[in-house]
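Shown next, in structure tokens, is the structure this report addresses.
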2 protein chains.
Amino acid sequence: MRADELANVRGLQLFRDMDDARFADLMRAAYLQTFPPHVQLIQEGDRADFLFIVTEGCVELFAAWNGHEITMMMVEPGGTFILAAVLKDAVHLMSARTAVKSRILMIPAEAVRGAFERDDAFSRSIVLELADCYRGMVKAQKDLKLRSGVERLAARLLRYDREHGGTGTFSLPHDKRTLAALLGMTPENLSRAFATLRPYGVEADGPNVVLSSVADLQRLAKPNPLIDDKAV
Amino acid sequence: MRADELANVRGLQLFRDMDDARFADLMRAAYLQTFPPHVQLIQEGDRADFLFIVTEGCVELFAAWNGHEITMMMVEPGGTFILAAVLKDAVHLMSARTAVKSRILMIPAEAVRGAFERDDAFSRSIVLELADCYRGMVKAQKDLKLRSGVERLAARLLRYDREHGGTGTFSLPHDKRTLAALLGMTPENLSRAFATLRPYGVEADGPNVVLSSVADLQRLAKPNPLIDDKAV
DNA sequence: CCCGATCCTTGATCTGGATCAACGTCCGGG
DNA sequence: CCCGGACGTTGATCCAGATCAAGGATCGGG
């Protein structure tokens, strides 16, 4: 593991306040591995053997039932996944696969639970991390049930713009097929949604997006911090 | 607070392992109150001032945006809500109202955070409780996105039956209007869904339901522990 | 005992989004 | 340099579920 990667991991909310020695123990037990795109990392229903942390690349969490498949979320660098299952020593509710080539830190579940039992600061950090995960799911649920597809796309574009500094110019973090799945729509409908947003100043050229009339777009998307703000 | 109520609260996952004195402190700071039906307890966007625990009755968590309103979940006796917001000292993402006359234990957020800081066993219990909440949301998301309305109703009926001892006879825990909202459909469509399930042995007479052909219903609902099992 | 309100059901219609199909564009490999 | 496949767009059609409308059933209150 490179020194800068180690520093990045150490700086995550989850590990920030952890005891030095305990953190070193965890890292000693962990594996860092690089995976090519589209490799399945976990399968829903399997026992949770590792806590995963994305250090580079991007991982898709998804779920399937009766032949359908849905995308639950995309995990970006600095993000963790499967924390809840690891702590409960339970079975995965979601599957995971790399979206692109990714570097993933894998910490054995046993080690995580051990640190959770023994390190009080760590167990408190876990609380905050889990609270964030939970609230993220609540927001996703609201987004999905309260807004139409076009509104979801509009709100998402505004969020991406905000996260890129609000310049009105950014490029999509995923390909459109993935973005469609993430927004809970088909690729066809995403395409149509982009077309619908053209009159609202949304110019999409491949992955590059320019928002030339943010005010109009906001009037349509009605962004709400209780749905769209990561930090809230 | 009655002695049996106190014992019930003490027995909850959240408080079970807590230090005796600390638990007494928490209870001393708490208010127990009885509310009539349809009283709004919290408003999304407001600061989280209390952790709520339902001891009797039933509370609906809901969210609104742009004039629509959706039901997020129903909290039954023994259930807690707003834990994540209290711990993060953040704003509510959901509103809450009593569905029926309810007894609610309200613990000041300050006291909860204090206990969380000082009582290691409590902070670990919180982790497990939050993990359950998170996984509950994941399951709800899967249920909603992967199944049709009829399938959701079928799976839900099977779950109610299971929770009532699997006798094939039970009564619905909520009125149909509420059940519809909980399943993410309109009352009209819930009514039609019940009609659709009649050939599968579902006899609904008011709140009373008889499942006369569980196997047929299961073939339709394709229940899956990773969606339908509370305990998983 | 009747009235009005609430809840549920049923029917008719509408619509957002899914599905099916075809086509253009880009890109990597032979 | 050309071919084949992945990806995205657009059009046509279909369907689940929402909406609109109306009619019973039940029940509490005057």
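Each chain gets a letter, A, B and so on, in the order its sequence line appears, and its residues count up from 1.
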Using side chain to side chain contact (heavy atoms under 4.5 Å, CB included), reason through Lys142(A) and Asn224(A) one step at a time and then give a plain yes or no.
CA-CA 11 Å; Lys142(A) 289 172 66 172; Asn224(A) 180 325; 5.7 Å; no
Nucleotide dG16(C), atom P - distance to NZ of Lys145(B) in whole Å:
20 Å
Whole-Å distance separating the CG atom of Leu190(A) from the C1' atom of dG16(C):
15 Å
Nucleotide dA16(D), atom P - distance to CZ of Arg147(B) in whole Å
17 Å
In whole angstroms, the gap separating P of dC7(C) from CG of Asp205(B) amounts to 18 Å
Quick note, Arg177(A) side chain, CB onward, closest among dT10(D), dT10(C), dG8(D) is dG8(D)
Give me the ring orientation class for Phe170(B) and Tyr160(B): parallel if the planes are under 30° apart, tilted from 30 to 60°, perpendicular past 60°.
perpendicular
Taking any heavy-atom pair under 4.0 Å as a contact, classify Arg198(B): base, sugar-phosphate, or nothing.
sugar-phosphate
When all nucleic acid strands are considered with a 4.0 Å heavy-atom cut-off, which category describes Ser148(A): base, sugar-phosphate, or nothing?
sugar-phosphate
Are any of Asn189(A)'s side-chain N or O atoms less than 4.0 Å away from OP1 or OP2 of dA18(C)?
yes
Is there a donor and acceptor pair, one atom on the side chain of Arg192(A) and one on the base of dG11(D), closer than 3.5 Å?
yes
Nearest-Å distance for atom pair CG/C1', residues Leu179(B) and dT9(C)
15 Å
What's the CG-P distance between Leu144(A) and dG17(C), to the nearest Å?
10 Å
CG of Asn66(B): more than 12 outside heavy atoms within 6.0 angstrom?
yes
Can you check whether Thr186(B) has a side-chain N or O nearer than 4.0 Å to OP1 or OP2 of dG17(D)?
no
Check every atom of dA18(C), dA21(C), dA18(D) against the side chain of Met185(A) and return the nucleotide holding the closest atom.
dA18(C)
For dC8(C), does the base pair up with any side-chain atom of Glu188(B) as donor and acceptor (N or O, under 3.5 Å, distance only)?
no
Measure the distance from CG on Leu197(A) to P on dT9(D) and round it to the nearest whole Å.
13 Å
I need the CD-P distance between Glu151(A) and dG16(C), as an integer number of Å.
11 Å
In short, Thr34(A) meets Lys101(A) closest at the heavy-atom pair CG2-CE, 3.7 Å
May I ask you to establish whether Lys176(B) and Phe194(B) are in a cation-pi arrangement, using a distance under 6.0 Å from NZ or CZ to the six-membered ring centre and at most 45° from the ring axis?
yes
